[in-house]
Amino acid sequence: MAECIFCRIVRGEISCDKVYDTGQVVAFKDRNPKAPVHVLVVPRQHIETINDLPRHPELAAEILNAIASVARACGIAESGFRVIGNANRDGGQEVPHVHFHLLGGRQLGAMVSDAS
Ligand code: 5GP
Ligand code: ZN
């Protein structure tokens with residue numbers, strides 16, 4: 001996993017704008033933000049896709065906690081936010097290290113109902 005970009009970010013080899021770190025889970029600003037708040041929530045452990053997360057239930061719970069904590073810390077818990085997890089080819093996953101996008105700070109489009 002030496003070349004995995006998110007492994008390199010969580011190891012500190014590539015800089016990022018970190019907003020949260022529990023030891024197991026790191027959150028940092030997306031370099032190409034799609035909303036005023038666009039944070040990536042990423043486990044330190046290299047797990048490739050959401051398909052693999054059920055084997056790590058404690059980590060999955062910690063990721064969910066991190067998402068809620070970051071939403072609060074970024075001031076979007078009450079105004080609202082969206083969490084996106086892309087998986088594999090059809091999901092458009094570009095980085096093969098599991099991560100969740102936390103988006104908010106503006107009215108987001110009706111993305112799910114458009115996804116026909
Ligand atoms: P995916 O399509 O895999 O769900 O999303 C990957 C996300 O990672 C993209 O939104 C992209 O902008 C972001 N990203 C890719 N490389 C880097 C990086 O080196 N630093 C940061 N902060 N974000 C990155
Ligand atoms: Zn990785």
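Just follow the structure's listing: the first ligand is 1, and inside any ligand the first atom is 1.
Counted within 6.0 Å of CD on Glu58, heavy atoms from surrounding residues, nucleotides or ligands total 12 or fewer; the atom is thus considered open.
Those atoms of ligand 1 that come under 4.0 Å of a heavy atom in Glu94, given as number and element, are 1 (P), 2 (O), 3 (O). The distance from ligand 1 to the heavy atoms of Asn86 drops below 4.0 Å at these ligand atoms: 1 (P), 2 (O), 4 (O). Atoms of ligand 1 found under 4.0 Å from any heavy atom of Ile5, numbered from 1 in the order shown, are 19 (O). Residue Asn32 approaches ligand 1 through these ligand atoms, each under 4.0 Å from one of its heavy atoms: 12 (O). Less than 4.0 angstrom separates some heavy atom of Gly92 from each of these atoms of ligand 1: 2 (O).
Assignment of Ile84 to the shell around ligand 1 is not supported, since no heavy atom sits closer than 4.0 Å. Note on ligand 1: His99 sits in its first shell, one or more heavy atoms being nearer than 4.0 Å.
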Worksheet entry | Steps toward side-chain contact (heavy atoms from CB on, under 4.5 Å) verdict (Val95, Leu40) | CA-CA 11 Å; Val95 179; Leu40 300 171; over 6 Å; no
Practice prompt. Begin with the C-alpha distance, continue with both residues' side-chain angles, and end with the deciding distance and a verdict on side-chain contact (heavy atoms from CB on, under 4.5 Å) for Leu102 and Ile76.
Written response: CA-CA 10 Å; Leu102 172 65; Ile76 58 170; 4.2 Å; yes
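Proximity of Ile14 to ligand 1, defined as any heavy-atom pair under 4.0 Å, is not found for any part of the residue. Looking at Asp17 against ligand 1, nothing comes within 4.0 Å, counting heavy atoms. Contact annotation for His101 and ligand 1: only side-chain heavy atoms (C-beta onward) come within less than 4.0 Å of the ligand. By the criterion of a heavy-atom distance under 4.0 Å, the side chain of Phe6, and not its backbone, is placed next to ligand 1.
Where the criterion is an N or O separation shorter than 3.5 Å, residue side chain and backbone included, Gln93 fails it with respect to ligand 1. Considering backbone and side-chain N/O atoms, Ile9 never comes within less than 3.5 Å of an N/O atom of ligand 1. Polar contact with ligand 1: absent for His38 (N/O pair, distance under 3.5 Å). Checked by distance only, ligand 1 and Cys16 stay at 3.5 Å or farther apart across all their nitrogen or oxygen atoms.
In this structure, atom 22 (N) of ligand 1 lies nearest to the protein heavy atom Lys29 O, 2.9 Å. Distance from atom 10 (O) of ligand 1 to its nearest protein heavy atom, with residue and atom name: Asp30 OD2, 2.5 Å. Here the heavy atom of the protein found nearest to atom 24 (C) of ligand 1 is Arg31 CG, 3.6 Å.
From Phe28, atom CZ reaches atom NE2 of His99 across 8.5 Å, with rounding to the nearest 0.5 Å.
No donor-acceptor contact under 3.5 angstrom links the side chains of Gln93 and Thr49, judged on distance only.
Classified by interplanar angle (parallel below 30°, tilted 30° to 60°, perpendicular above 60°), the ring pair His97/Phe6 is perpendicular.
For the Zn ion (ligand 2), the nearby protein N/O/S atoms, meaning those under 2.8 Å, are Cys4 SG, Cys7 SG, His46 ND1, His97 ND1.
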